[in-house]
Amino acid sequence: MPNILKRRDFLGMMSGALAGTAMLGSESNALSGEPMPADITIAGAKSTSDELDFVSALSAAEAIRRKRVSSVELTQHTFDRIERYNPQLNAFVYQLREDALVRAQKADQALTRGENSGPFHGVPIHVKECFGVAGHPCTWGFESLRDSKAAQNSEAVERLLRAGAILISATNVPVNLSDWQTYNPIYGTTNNPWDVKRTPGGSSGGSAAALAAGLGYLSIGSDIGGSIRIPAHFCGVYGHKPTLDLVSTQGMSPGGNYGTPGFSTLLAVAGPMARTPSDLLAAMKVLGGPVAWDKKAWIWGMPAPRATTLKDFRIGYVIDDPIAPPTPEVKARLEYVIRTLEGAGAKLKSGWPAEFNPAALLDTYRFHLYAFLFSISPPEQQHAQRVKFASSQDPDARGALSSFADWQQQNFRRLAFRAQWQSHFEQVDVFLSPVGFSAAFPHDHTEPQEQRTIATSAGPRRYLDLFNWIAPATLTGCPATVAPIGRTDRGLPVGIQIMGPYWEDATPITFAELLSREIGGFTVPPGFEGAS
């Protein structure tokens, strides 16, 4: 039985228990009006911080509201866990101990006045280092930005603070957020809590490792090439890549600059990472919606999920394909999910959308990715890339060196792929696929990246094939949730990617919640359980 379930059982034995309901339940929390999270039980006795190490952010907030624990106690306890466990992980690049404890004290004082800031009132969280935090580094791993200080909070950070969260730290990243591993010359290498000799993924690897180890309750990552999804898969946590531009990336740039208002990369997103789907949904309600002058014209509301039981979901899926066949141990977990869904009476439809060509989509995705990356590179790097790509016809080179006319033709293809998938989502509600072809692999910092290979039980695989399963959701802009589905024989986590219709983020998140009730969800890595 997963350790998180054992912890829930322990809380359930406390006297005077009043069981909560799940995210999708009908009973409401009398204090907040929100559904009560399933992984906390309100008891007659006071909770201790140890008992809350791995509960959801919403459950931690509920414990603080019910005064079972104070925000100061929980925040200090989280810093104590960081001091104990972070040396073996190196997940954090800086900590905000003094500021966080002051905020936590104010959060506790506010509750005594009957004031509640929002769903994460008093809860310790962290953010990926690429999000500007006023007065603190935002290096993106660049040595030249070691001494950078963001002038103001990024939009995502500001929204979380307004929702009552206590920001405790920032998490590590690879250089330029451009790797599925997390290391850089400033902060060093981050390790996977399931096996410290392996990567936690990238570029949001610090966030995933910290969440899996019980060092904070919620984090925010970014994703243009699987940077939320791959770390969630490698570390056994939940991650959500939102619909394109639903969550503002203002202030998420090297140095913490606010950049050009209204600019869209057409690929990159910011989104939440957590240990439960309910936290993802709550975070999306906080993070989503218009900013600046757009707020004068429109208001965003998350559409309801298409279904609230597994048997009512129409599920498309592909769990194996020549684009990047999953290793036998990963495929075995994916097949287990499909069997479980069949047993639950869900409506399953195998295969890609009609006439969909995954290789063509991958080509278009890589064209756009490298066109964007080239466009924001400094002049000296652009010159080097022009020389490197001069005689190449691969999509990376064509994207980097394209004319606007060429780019626009590829953009029409991007939109056509979105339309194709939206048409498919008239037949299915979610689409399941692997996140990556393998579980977490050993650290490999050799350069260049494109020449790396990953050793697997099925033989060596191309490093860059990790793009292949994440590309459809990124190119189309559709939301995609990653949910843990078990572990390999070697004890490494495996996740599944749940792609949903454009703008309908609650649908894949809700599906992840329902799936967790059938097969379990997050599991605590051995050695991180703590004194409780």
Check: P137 and V93 side chains under 4.5 Å, non-hydrogen atoms = no

Taking S148 for the side chain and G255 for the main chain, is one N or O donor matched with an acceptor at less than 3.5 Å?
-> no

To the nearest 0.5 Å, atom CE of M273 lies from atom CZ of R229 at 11.5 Å

Scanning both residues in full, the closest heavy-atom pair of A209 with A91 reads CB-CB, 4.5 Å

S457 versus R490, side-chain donor and acceptor atoms under 3.5 Å | no

Side-chain heavy-atom pair F511, T481 within 4.5 angstrom cut-off | no

F437 vs V330 side-chain heavy atoms within contact, under 4.5 Å = no

Residues R333 and E329 bridged, charged N to O under 4.0 Å | no

Exercise: identify the closest heavy-atom pair between L89 and V196 | CD2-CG1, 4.5 Å

Salt-bridge present (R84, D80; N to O < 4.0 Å) | no

Atom CD1 in I228, atom OG in S207: separation rounded to 0.5 Å?
-> 9.0 Å

Side-chain donor-acceptor pair under 3.5 Å between D505 and T243, yes or no?
-> yes

Side-chain H-bond candidate by donor/acceptor type, T199 with H443, under 3.5 Å | no

Exceeds 12 heavy-atom contacts within 6.0 angstrom, atom CZ of R162 = yes

Parallel, tilted or perpendicular for Y94 and H136, by the 30°/60° rule?
-> parallel

After noting the C-alpha distance and the side-chain angles of L58 and F120, does the key distance pass the side chain to side chain contact (heavy atoms under 4.5 Å, CB included) rule?
-> CA-CA 6 Å; L58 292 177; F120 302 122; 4.0 Å; yes

Is V291 close to R159 at the side-chain level, that is, under 4.5 Å between some pair of heavy atoms?
-> yes

Is T112 reaching over with its side chain to a backbone N or O of Q109, donor-acceptor style, under 3.5 angstrom?
-> yes

Taking atom types as modelled, find out whether T182 and T190 have a side-chain donor-acceptor pair closer than 3.5 angstrom.
-> no

Between S169 and H126: side-chain donor-acceptor atoms closer than 3.5 Å | no

Does any N or O in the side chain of E518 come within less than 3.5 Å of the main-chain N or O of S516, such that one atom is a donor and the other an acceptor?
-> no

Answer with yes or no whether the side chains of E129 and T139 bring together a donor and an acceptor at under 3.5 Å.
-> yes

Identify the heavy atoms of G216 and L211 that sit nearest to each other, and give their distance.
-> O-CD2, 3.8 Å

With a cut-off of 6.0 Å (strictly less than), are more than 12 heavy atoms of other residues, nucleotides or ligands near CD of E143?
-> yes

One should read off an interatomic distance between I64 CD1 and L74 CG, to the nearest 0.5 angstrom, of 5.0 Å

H121 side chain vs S117 backbone, donor-acceptor pair below 3.5 Å = yes

Has the side chain of N257 got a donor or acceptor atom that lies under 3.5 Å from a matching backbone atom of G259?
-> no

Measure the OH-CZ distance between Y217 and R275 for me, rounded to the nearest 0.5 Å.
-> 6.5 Å

Decide side chain to side chain contact (heavy atoms under 4.5 Å, CB included) for I496 and Y336; before the verdict, give the C-alpha distance in whole Å, the side-chain angles of both, and the deciding distance to 0.1 Å.
-> CA-CA 11 Å; I496 193 167; Y336 168 71; over 6 Å; no

Ignoring hydrogens and angles, tell me if any N or O in the side chain of T171 forms a donor-acceptor pair with the backbone of G206 under 3.5 Å.
-> no

Does a side-chain heavy-atom distance below 4.5 Å link L52 with S59?
-> no

How many angstroms lie between OG1 in T78 and CG in D53, if you round to the nearest 0.5 Å?
-> 7.5 Å

Over all atoms of both residues, closest heavy-atom pair of W469 and I319 = CH2-C, 4.5 Å

So do F234 and V435 actually touch side chain to side chain, heavy atoms under 4.5 Å?
-> no

Is it true that F441 and Y463 have ring centroids separated by less than 6.0 Å?
-> yes

For this output row, return yes or no: ring centroids of F467 and W180 closer than 6.0 angstrom.
-> yes

Indicate yes or no: at least one non-hydrogen side-chain atom of P484 is less than 4.5 angstrom from one of Y238.
-> yes

Would you check, one step at a time, whether the test side chain to side chain contact (heavy atoms under 4.5 Å, CB included) holds for L246 with M284?
-> CA-CA 9 Å; L246 175 53; M284 283 301 302; 3.5 Å; yes

N/O donor-acceptor pair under 3.5 Å between Q449 side chain and S178 backbone = yes

Closest non-hydrogen atom pair between R65 and P119, with its separation | NH1-O, 4.0 Å

Is there a side-chain contact between I485 and L515, using heavy atoms and a 4.5 Å cut-off?
-> yes

Donor-acceptor pair, T488 side chain versus L492 backbone, under 3.5 Å?
-> yes

Going by distance alone, is a donor N or O of one side chain under 3.5 Å from an acceptor N or O of the other, for K128 and S204?
-> yes

How far apart are the closest heavy atoms of R81 and G214, and which atoms are they?
-> NE-O, 3.0 Å

No-hydrogen, no-angle side-chain donor-acceptor test under 3.5 Å, N184 and N172 = yes

Under 3.5 Å donor-acceptor, W194 side chain and C235 backbone | yes

Here the gap from E158 atom CD to L167 atom CG, rounded to the nearest 0.5 Å, amounts to 10.5 Å

Decide side chain to side chain contact (heavy atoms under 4.5 Å, CB included) for Y183 and V175; before the verdict, give the C-alpha distance in whole Å, the side-chain angles of both, and the deciding distance to 0.1 Å.
-> CA-CA 7 Å; Y183 66 97; V175 177; over 6 Å; no

Within the distance-only criterion (no hydrogens, no angle test), does the side chain of K241 pair as donor or acceptor with the backbone N or O of C478 below 3.5 angstrom?
-> yes

